[in-house]
Each structure stands twice: as C-alpha cells, then as structure tokens.
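For reference, the structure discussed in these notes is given below.
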Amino acid sequence: MVSASTQSAAGRWTPLDRRGRPLGVLRLSLTARCNLACPYCLPDGVEPPGLLTLPQRLRVIEAAVALGARNLRLTGGEPLLHGGLEELIAAVQPLRATRPDGPGLREIALTSNGVLLSAERARALRSAGLDRITLSLDGTTAASVARMAGVGNGAVVLTKVLAAIEHARNAGFDPAQGALKLNAVIQRDVNDDQLLSLAALARERGLELRLIEFMDVGNSNGWQPEAVLSAAAMVERIGARWPLEPQGRAAHGTASRWRYRDRDPASGGAHLSVVASVSSPFCGDCNRLRVTADGIAYTCLFAAPGSGLDLRPWLQPDSAAAGLSEALTGLWNRRADRWSEERQEAWSTADPTPRHAEMAYLGG
Ligand code: SAM
Ligand code: SF4
C-alpha cells in the first residue's frame, strides 16, 4: 500500500501517485505551433484556444514547485516562437532553491529545434536565468535534415542549427557542464545512416548526443514497431566505432548514459545517451507532470487526447492558490499510468491503435 504523500529531505510533503512515484519535473509547453514539420511529430500548426497567460503559467509553476517539482523544462511545439519566453524565465527566478537540499527549482531548461536561436536570443535566455538548452538535430546532411524536419531546404535548417550550437556555447551554455546537449530521433531505414556522423558531429563540438527511439506519440506519425531502432542497436553501432562504457541511468532520468573510452570524462562530448522509451521503458520511476500551452495537465506522454485535467478553472483571477494545489495533488494521487510498459499488451488487443495526444501539443 502506497501512502499518498511523502516527506522530502527538506521537510516538505510531496504527493505520491498510486505507484509510489513522487512529482519531480514540470514540462511546460508554451505553444503547440512549430516552424518545422518533422513527420515523426507532425504538429498541426494550430494553436489551441485559451492559451495560458504569463501570470497563469507562473501560478502553475509555483504550485508544481510547492508540490515537489525541482526541474522546469520549457518546450512546445517550438518554444522559441513564444515571444514571452525570456520574461517567463526571469519571472521564475525567485522560485529557485536557496539551499542544495532545500525546496525550490534546481534547474530551468529548454528544448528547441534551434532554428530561431540567434546569438542575441541565446544571450537573452542566459541573462534571463536559463540553465540548460537541448537542441534537436536528426541528421548531418541537407537531405536527411530535410526529410526529418519536413522542410524543402534541409541545408538552411542544418546551417541554422549548427550556428545555434555556437550561439548557445558563446552565451555561456557550457556543454562540459551539461548545459548544452543535442537530441536526435532515430528511425530505422529513415535516418539510421546518420548515427555515426551525428556522433562524430557531437564529439567534434564537445556535446553530449541523446539518441531517442522513435515513439508512438500522437496519431499522425504512422508509427510501427518495425520503424524503431532500439537503443541497444544504436549503442552497438556507435560502440563499434568508438568503444563505450556504460554509466547507467540516473534515478528518474530518461536517458542511459555511456562514456567514450577515448575521452577524458570531464570534457564535453565524452558521453553519449540513449532514450529507450520503447525498448526499455522507464515508467517505474517517471516523475514528470506535463502542462500544455492551454493549461491541460497530463501525467503521461502517451496519454489519450482529452484525458488531461483542465487547470483553467483554478487559474481565474479570483481563484485561491489552494484550489490549484488540491487539483494537482488529486491528479497526481490518482495517477497510475505506465503506458510504455503496457505497450506490447496494448498492441495485441482488439484495438491495436490506441489514440495518443499529439507530441507537439503535449510538449515532448
Ligand atoms: N520543437 C522542439 C524540438 O524539436 O526540440 C521542442 C518540442 S519536441 C516535441 C521535443 C523533443 O521530442 C524533440 O527532441 C523531438 O525530436 C522529440 N520527438 C518528437 N516526436 C517524437 C517521436 N515520435 N519520437 C521520439 N521523439 C520525438
Ligand atoms: Fe517541431 Fe520539435 Fe515537433 Fe520537430 S519535433 S515538428 S521541431 S515540435
């Protein structure tokens, strides 16, 4: 029997879900729109009505932090399309933990495709108080980038993302400290020929590369199990070129880490990570709460559309903060989802195509 809350080292009560998992990360989507059209994600380009305002977003973040969230990840859609991004980052600074083991935010991070990350924007994000940036890039050739990003001119996107890496580095996001990383989604027979060149690119630039298995998020990406290249296969291919040593997966983390044997572990680019959410799910210690740009809270990336909790009734100007906190606590206490673990079972049932909310809406 799992109790509904637990006391953290800092003496605060954190809600537990029905599987005993505490709340630890808030992934907040700022927009469902995107400037790219990656076929594995396929945003519909339409912003949902009733987007949260800055004060409403701050209330959601405050409530999640009070309930135990230590990390805030800003995402989308493409979060750099949101003009108020820097203002939001600056506004959450007072929520930072003041002691290493104390309550409050420990990390504020951003996931972006990087196309709009100019030198000026990177500096503005850094001065607003952003700690980390993860940029997404799924290939090293114009043709593969065009295919994976769903654009006509892959060379333009590639050039912009490579420039974005340097803008972020120059603004103070140090890859050796883990403040700048690269995400790549790998699809079998689509861009798995890019594995070695992506690893080489990340190694040359001193970045940790995070290889993500193609996931069955959303309903429009035509996901089939055959299109997944397992994390183990990715590690095998890269390890055959540059020998790797396993470092394990951090508690509540999504990525298993590997170290390149030929690199000094303290240097940037010494590590490779793989996110094996399909072949080796990590639902057992998932601690993520997701809130969409229009204020719907979801507790699983693979949730069905319409199954989230609309937080807006508790975000009206006259609503008391306690109402939002109770709503989130109730949602977390009811949480039992372990979709990724149940995937095989679900695919063998009469309904082999369970519906999922779209990735660009949920916030990847
Ligand atoms: N637009 C930003 C970006 O691409 O980085 C942020 C949002 S995107 C939804 C967040 C992450 O989800 C990206 O790294 C993207 O590659 C990943 N992603 C999207 N759809 C995916 C899928 N079907 N399987 C695995 N990863 C996916
Ligand atoms: Fe846009 Fe990111 Fe989805 Fe690609 S993965 S379409 S960049 S939201």
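Counting starts at 1 for both ligands and their atoms, in listed order. Both backbone and side-chain heavy atoms feed into the values below; hydrogens, waters and symmetry mates do not.
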Checklist entry - Where's the contact between Asn221 and ligand 1, heavy-atom distance under 4.0 Å: side chain, backbone, both or neither? => result side chain
Checklist entry - Should the proximity of Ser112 to ligand 1, defined as any heavy atom under 4.0 Å, be assigned to the side chain, the backbone, both, or neither? => result backbone
Item to check | Arg21/Asp17 salt bridge by N-O under 4.0 Å criterion | outcome: yes
Item to check | Within residues 35-54 or reaching into it, pairs that qualify as salt bridge (charged side-chain N to carboxylate O under 4.0 Å, His left out) - sequence neighbours excluded | outcome: Arg33-Glu47
Checklist entry - Which protein N, O or S atoms lie under 2.8 Å from atom 1 (Fe) of ligand 2? => result Cys34 SG
Checklist outcome for this item: For Arg288 and His252 the tightest heavy-atom approach is NH2-O, 2.7 Å
For a quick test of your reading: what N or O donor-acceptor pairs under 3.5 Å do the side chains of residues 85-96 make, sequence neighbours left out?
unit_1, atom_1, unit_2, atom_2, d
Glu86, OE1, Arg121, NH2, 3.4
Glu86, OE2, Arg121, NE, 2.6
Gln93, OE1, Arg96, NE, 2.6
Gln93, OE1, Arg96, NH2, 3.3
Gln93, NE2, Ile89, O, 2.8
Gln93, NE2, Ala128, O, 3.1
Gln93, NE2, Gly129, O, 3.3
Arg96, NH1, Asp131, OD2, 3.2
Arg96, NH2, Gly129, O, 2.7
Arg96, NH2, Asp131, OD1, 3.2
Arg96, NH2, Asp131, OD2, 3.2

Item to check | Name of the residue among Leu182, Leu229, Leu195, Val275 meeting side chain to side chain contact (heavy atoms under 4.5 Å, CB included) with Leu211 | outcome: Leu195
Checklist entry - Taking the non-hydrogen atoms of Ile212, is any one of them nearer than 4.0 angstrom to ligand 1? => result yes
Checklist entry - Can you find an N/O atom of Asp138 closer than 3.5 Å to an N/O atom of ligand 1? => result no
Expected list for residues 149-163: side-chain donor-acceptor pairs under 3.5 angstrom, two or more places apart:
unit_1, atom_1, unit_2, atom_2, d
Asn153, OD1, Ala155, N, 3.2
Asn153, OD1, Val156, N, 3.3
Thr159, OG1, Ala155, O, 2.7

Next on the checklist: Regarding ligand 1, does Thr75 bring an N or O atom to under 3.5 Å of one of the ligand's N or O atoms?
Outcome noted: no
Checklist entry - Is Thr134 in polar range of ligand 1, meaning some N or O pair under 3.5 Å apart? => result no
Checklist entry - Taking the non-hydrogen atoms of Gly77, is any one of them nearer than 4.0 angstrom to ligand 1? => result yes
Checklist entry - Can you find a pair of side-chain heavy atoms, one from Arg312 and one from Asp294, that are under 4.5 Å apart? => result yes
Next on the checklist: Does Glu166, at its CD atom, have more than 12 non-hydrogen atoms belonging to other residues, nucleotides or ligands within less than 6.0 Å?
Outcome noted: yes
Checklist entry - For ligand 1, does Thr111 get within less than 4.0 Å through its side chain, its backbone, both, or neither, judged by non-hydrogen atoms? => result both
Checklist entry - At the 4.0 Å heavy-atom cut-off, does Glu213 count as touching ligand 1? => result yes
